[in-house]
Amino acid sequence: MISQNPMAEFRSECLKALTSSLEKVFPDRSFEQLNFAKPPVFEFGQLASSICFEIAKETCETPLQLANRIVESMDKAAFSLIEKVEVAGGGYINFHINFDKFSAIVIESARQLNENYGLIKVEKPQRIIVEHTSVNPVHPIHVGQARNPMLGDSIARLLSSRGHVVSRHYYVDDVGRQTAVLAYGYNKLGRPKPAEKPDHFLGKIYTITSCLVEIKRLKKELEAARALNKEDETPRLQREIDEWISVAAELKEKYPQLFDELLQKISEDEDPEKAINELNRAYEAGEEKARALIREVSQLCLEGFRETLTRVGVTYDSWDWESEFVWSGLVGKVLHMLKRTSYVFMQGGVLEFDANKVVRDLSLWSKLGLREGYEIPSLTLVRADGTTLYTTRDIAYTIWKFGRAEKCINVIGMEQSLAQMQLKVALYALGYWRQADNLVHFAYNLVTLPGYKMSSRRGRYIAFDDVIEEAIRRAYEEVSKRSPNLSEEEKRQVSEIIGIGAVRYALIAVDPAKPVEFKWDKVLDFERNSAPYIQYSHARACSILRKAARKPERASYDLLREKLEREIVLAIAEFPEVFIEAADMLKPNIIAEYANALADKFNTFYNAFPVIKAEPVELSDARLALVDAVRIVLRNALNLIGIFAPERM
RNA sequence: GGGCCCGUGGCCCAGUCAGGAUCAAGGCGCCGGCCUUCGGAGCCGGAGAACGUGGGUUCAAAUCCCACCGGGCCCGCCA
């Protein structure tokens with residue numbers, strides 16, 4: 001017998017047993033929603049019901065007496081996967097699995113379904129767009145931002161394995177000030193061909209340009225403040241100038257040649273700030289020269305991103321250029337639609353969206369998870385110079401996405417929660433109720449550096465490429481030390497897999513709501529509770545199977561009597577349910593935890609019992625099959641979070 | 001000032017949304033063992049926790065409710 005989801009079979013048998021017994025004991029009462037919990041320890045059985053504590057309130061019996069009556073009236077003859085039912089504690093009903101049967105089903109199911117084991121499909125697949133990464137193409141991706149593609153890609157893998165039709169989108173933010181700043185500096189330099197990875201090269205140009213322009217702007221502001229005798233403004237401005245000057249000193253130190261060149265070229269300009277704003281305006285207007293320049297820079301930067309992300313196993317189905325939505329008139333159309341609602345007003349020359357009025361009129365508080373009466377700030381839609389803002393364009397983009405999917409998941413840092421909420425409110429205001437309900441902001445917390453705050457504008461960050469490089473370097477050292485027999489080629493391949501796995505694992509294993517503190521030793525961990533540890537356990541399993549050099553054809557699963565063996569069988573049986581929860585609740589981290597826990601059990605087993613040399617051969621074969629099943633589940637779990645499972649390492 | 005998120009042994013972290021049972025699960029570090037088998041990136045044992053504080057709900061609270069304290073983020077004609 002083969003089962004897609006063995007634990008669900010056992011659960012449904014328990015439910016049937018409990019329900020029919022309850023009907024006998026309480027003919028007049030109906031019971032809805034009977035839940036089973038996993039008992040704290042294996043000896044208490046594998047599923048438990050605490051229903052008696054609830055019913056006891058309505059009767060004069062104690063939970064214990066009730067539990068005894070219910071268990072007594074169960075039809076034991078109908079048990080198949082249930083070995084026995086016991087009353088325990090103050091009135092729990094504990095269901096024990098019949099492992100003689102169950103082990104056979106679980107192990108054979110995992111082995112036969114193989115790469116499909118655990119990946120239960122939904123009944124009604126949806127078209128889902130997962131938008132993730134979307135780093136502005138003005139500097140290399142840094143570790144802080146890298147958490148995004150790791151989470152986004154894992155979510156996409158989970159949903160796709162769940163049977164949904166998933167499309168991975170990268171939203172290229174080429175409209176806006178930052179890109180204009182970079183393009184301005186790049187143009188000043190005469191559009192040089194990068195001699196290094198393009199995003200790293202452009203990152204330097206962006207930071208230096210941004211810094212120089214900022215200093216110039218602040219100095220002008222300071223002069224103006226002095227001229228107008230605004231004494232209260234000057235100290236703040238002076239402080240800001242000082243700070244940027246120290247950033248400039250850092251940059252000059254790091255990139256002397258590039259710095260001097262940009263300083264000289266930018267000094268020639270009377271008002272760089274104005275030039276940048278003009279470039280931004282021209283680009284939004286779709287003017288040819290601006291288009292050519294900004295697209296060239298952005299494309300160049302994205303080449304670098306693509307290289308980085310492909311290396312860690314992240315790819316996209318669509319690269320959506322923000323500018324397209326402006327040029328195609330979609331943003332304008334959406335603005336037009338918004339203007340026709342009663343939720344838009346002019347204030348000081350800018351167009352504002354009154355999100356709060358929408359929330360009040362439509363009573364959206366509970367939908368947005370807010371306290372009733374909370375006032376949500378308004379959103380500026382259009383600048384005084386007629387250019388649009390990020391969130392405005394995002395409204396158009398979101399509507400576009402919903403033309404292609406029923407559900408949209410935006411993987412975006414939690415610092416953008418308010419903007420994402422305003423975006424959602426705008427959809428409600430426009431009458432896109434279904435879409436708004438299906439717009440998910442998958443928020444995650446930051447990656448922090450112990451010493452200082454990461455700031456891409458100040459050029460203070462650790463590039464993701466450097467982290468990957470370092471991870472692979474350390475993995476190589478480790479592999480060379482531990483597996484000197486591997487060929488040079490194999491060592492390189494394996495260290496790439498291990499290094500990248502370690503990084504991916506570190507960035508997704510913690511709850512996304514919590515911040516990750518970036519420490520090299522933590523991210524590049526090769527000990528327990530890490531990708532390398534799980535990969536190692538997988539390689540060990542492969543090694544046993546290789547050494548055995550036979551198929552486990554005479555396995556007698558009822559010989560798997562050890563508690564540890566049964567715990568492993570149980571863990572394997574639970575994998576499909578863990579997967580369903582991870583996919584439906586968007587929780588990639590529980591896959592990481594699960595894989596780690598299974599690897600723990602497997603290593604303990606490995607240490608405690610012989611497999612190949614076990615006697616009799618029926619037991620040896622059963623253990624071999626168990627090892628094979630563990631191998632399959634570890635690999636499937638790792639693959640769900642984008643980590644390869646090597647057979648040797 | 002308002003909103004959102006987080007607070008679990010020296011450090012990191014699971015469990016909190018769907019409340020349950022013996023010691024609140026792991027990891028790092030620390031102490032002591034295992035070079036006996038199939039890979040020591042491993043295994044076994046030990047010390048170490050008022051689950052931020054105070055109330056409340058419940059037969060039962062790390063988990064739900066209220067208040068407070070501490071930390072982060074946001075409240076821009078940035079993204």
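Chain letters run A, B, ... following the sequence lines, proteins first and then strands; every chain starts at 1. Just so it is clear, the values below take in all heavy atoms, side chains as well, and ignore hydrogens, waters and symmetry mates.
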Complementary nucleotide for [N] - Watson-Crick or wobble, under 3.5 Å:
N: U36(B); answer: none
N: U58(B); answer: none
N: C68(B); answer: G52(B)

Open item on the list: Nearest to the Lys57(A) side chain among G27(B), C73(B), C59(B), which nucleotide is it?
Closed with: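 That would be C59(B).
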
For atom [atom1] of [X] and atom [atom2] of [N], their distance in whole Å:
X: Tyr606(A); N: C44(B); atom1: OH; atom2: C1'; value: 16 Å
X: Asn603(A); N: G26(B); atom1: CG; atom2: P; value: 15 Å
X: Asn607(A); N: G33(B); atom1: CG; atom2: P; value: 18 Å

When you measure from the side-chain N and O atoms of [X] to the phosphate of [N], is any distance below 4.0 Å, counting only OP1 and OP2?
X: Arg383(A); N: C78(B); answer: yes
X: Arg540(A); N: G42(B); answer: no
X: Arg371(A); N: C4(B); answer: no
X: Arg528(A); N: G27(B); answer: yes
X: Ser530(A); N: A41(B); answer: no
X: Lys514(A); N: A14(B); answer: yes

Have a look at [X] and say if it touches a base, only the backbone sugar-phosphate, or nothing, with a 4.0 Å heavy-atom cut-off.
X: Ala443(A); value: nothing
X: Arg623(A); value: nothing
X: Tyr533(A); value: sugar-phosphate
X: Ser417(A); value: nothing
X: Pro39(A); value: base

TODO: Indicate the ring-plane relationship of Phe95(A) and Phe36(A), choosing parallel, tilted or perpendicular according to the 30° and 60° boundaries.
DONE: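 Phe95(A) vs Phe36(A) ring planes: perpendicular.
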
Task: Ring geometry between Phe518(A) and Trp520(A) (parallel below 30°, tilted from 30 to 60°, perpendicular above 60°) - done: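 Perpendicular: the ring planes of Trp520(A) and Phe518(A) meet at over 60°.
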
TODO: Answer yes or no: does atom CZ of Arg648(A) have more than 12 heavy-atom neighbours from other residues, nucleotides or ligands under 6.0 Å?
DONE: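 Atom CZ in Arg648(A) is not crowded, with 12 or fewer foreign heavy atoms closer than 6.0 Å.
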
Task: NZ/NE/NH1/NH2 to OD/OE distance under 4.0 Å, Glu322(A) and Arg393(A) - done: yes

Open item on the list: The criterion is ring-ring contact (aromatic ring centres under 6.0 Å, His included); which residues satisfy it with Tyr170(A), sequence neighbours excluded?
Closed with: Tyr316(A), Trp319(A)

